[in-house]
Amino acid sequence: MMEINKKEESDISFRIRNIILAWGEKNMRNFPWRHTRDPYKILIAETMLHRTKASQVNHIYDSFIMKYPDIYAIVDTGPHALKNDLKSLGLSYRGDMLYRLAAQIIEKYDGNIPDNIEDLKSLPGMGDYASSAVMCSAYNSPAPFLDTNTVRIISRVYGIKPTDSSRRSKEFKMIMNSIIDSSDTRKLMFSMLDFGAIVCTHHTPECSVCGLNRDCIFYREMK
DNA sequence: CTCCGGTTTG
DNA sequence: CAAACTGGAG
């Protein structure tokens, strides 16, 4: 009995992984912060993406990187100018946060972005999500991260009602780990984020064209 | 657990 | 007009 459940569990994870990877091959979005492995540029992107739409970040990202090409440029300009350059993204504390983040990286790590989760998480503004995202995006490290998109996909397919704390829950983390398995984490995470943003959307998801619909409890209950 | 914010979306 | 957006801090 136990073994059957385990097999079914891994079978669903296997299908989610392959279906989303295949979908990503054709539909993955093409943001500038995905063309680089430079941890600095990825760090900036994650800071901007904090509770903010990717399309909004896309508007200002390139010019921001042009103006602030490295971590020292952030500190040199000071919090006030940063705040102004990030204004269109909302969350007014973001400028101060980024300044403190850059200052600590220079002070504690001689200007080098840490390449491990523990050190990243110790920095201001860097939580579970952003730290794992840097690890995954810059180093292709198998660091699972749960954001609003991946939580929504998992909650629907598995029929688990999402709560405000789902992104920190052990249950969701374990499922995410089983989906990642030993795949190309970087490619899978980007595909999954985009799948959530384009197909498995919050309002009126595109269930009719979703490759996961026959596995999805949300879809089966909707019919 | 609650709050944050300009912009976008329904 | 309300709710959501690749979350993190207090």
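Residue numbers start from 1 in every chain, and the chains themselves are labelled A, B, ... in the order their sequence lines are given, proteins ahead of strands. Note that the coordinates shown come from a computational prediction; the quantities given were computed from them, not determined experimentally.
Straight-line distance from the CG atom of A:Leu98 to the P atom of C:dG8: 14 Å, rounded to whole Å. Atom NZ of A:Lys121 is separated from atom C1' of C:dG7 by 13 Å (rounded to the nearest Å). Spacing between atom NE2 of A:His50 and atom C1' of C:dA9 amounts to 9 Å, rounded to whole angstrom units. Atom CG in A:Asn58 sits roughly 17 Å away from atom C1' in B:dG6 (whole-Å rounding). A:Leu89 has its CG atom 13 Å from the P atom of C:dG7, to the nearest Å. A:Asn149 has its CG atom 7 Å from the P atom of C:dC5, to the nearest Å. Taking atom CG of residue A:Asp147 and atom C1' of nucleotide C:dG8, one finds them 14 Å apart after rounding to whole Å. Atom CZ of A:Phe145 is separated from atom P of C:dG8 by 11 Å (rounded to the nearest Å).
In terms of phosphate contacts, A:His203 brings no side-chain nitrogen or oxygen within less than 4.0 Å of OP1 or OP2 of B:dG10. Note on A:Arg152: a side-chain N or O is less than 4.0 Å away from OP1 or OP2 of C:dC5. A:Thr148 has a side-chain polar atom (N or O) that falls below the 4.0 Å cut-off from OP1 or OP2 of C:dC5. Between A:Thr52 and the phosphate of C:dC5, there is no side-chain N or O to OP1/OP2 separation shorter than 4.0 Å.
Other residues, nucleotides and ligands contribute at most 12 non-hydrogen atoms within 6.0 Å of the CE atom of A:Met174.
A:Phe31 comes within contact range of at least one nucleobase, with a heavy-atom separation under 4.0 Å. Using a 4.0 Å heavy-atom cutoff across all strands shown, A:Ala130 reaches sugar-phosphate atoms only and no base atom. When heavy atoms are screened at a 4.0 angstrom cut-off, A:Gly90 is found touching base atoms of the nucleic acid.
In this structure, A:Trp33 and A:Phe31 have parallel ring planes: the angle between them is below the 30° cut-off, well short of the 60° mark.
Contact annotation: side chain of A:Arg51 to base of C:dG8, donor-acceptor pair absent below 3.5 Å. Side chain A:Tyr93 to base B:dG6: no donor-acceptor pair is found below 3.5 Å. Looking at A:Gln56, its side chain comes within 3.5 Å of the base of B:dG6 through a donor and an acceptor atom. You won't find any donor-acceptor pair under 3.5 Å spanning the side chain of A:Arg94 and the base of C:dG7, going by distance alone.
Ranking C:dA4, C:dA9, B:dG5 by closeness to the A:Met97 side chain, first place goes to C:dA9. In the set C:dG8, B:dT8, B:dT2, B:dT2 carries the atom at the smallest distance from any side-chain atom of A:Asp164.
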TODO: Test A:Asn112 against A:Asp110 for side-chain hydrogen bond (donor to acceptor under 3.5 Å, both in side chains), laying out the working first.
DONE: CA-CA 6 Å; A:Asn112 299 308; A:Asp110 198 29; 4.6 Å; no
TODO: Starting from the C-alpha separation in whole Å, work towards a yes-or-no answer on side-chain contact (heavy atoms from CB on, under 4.5 Å) for A:Asn58 and A:Arg29.
DONE: CA-CA 11 Å; A:Asn58 204 17; A:Arg29 290 183 294 183; over 6 Å; no
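In terms of position on DNA chain B, the residue among A:Lys87 and A:Ser165 whose nearest nucleotide sits closer to the 5' end is A:Ser165. DNA chain B is contacted by both A:Thr204 and A:Ser92; A:Ser92 maps to the nucleotide lying nearer its 5′ end (nearest heavy atom per residue). Checking A:Pro124 against A:His202, the closest nucleotide of DNA chain C that is more toward the 5' end is the one next to A:His202. Each of A:Arg100 and A:Glu46 was assigned the nucleotide of DNA chain C with the nearest heavy atom; the assignment lying further toward the 5' end belongs to A:Glu46.
Rounded to the nearest 0.5 Å, atoms CD1 (A:Ile154) and CZ (A:Arg156) are 13.0 Å apart.
When hydrophobic clusters are built by joining Ile, Leu, Val, Met, Phe, Trp and Tyr residues whose side-chain heavy atoms come closer than 4.5 Å, directly or via intermediates, A:Leu49 is not grouped with A:Phe190.
Of the P atoms belonging to C:dG8 and B:dT7, the separation is 23 Å, rounded to the nearest Å.
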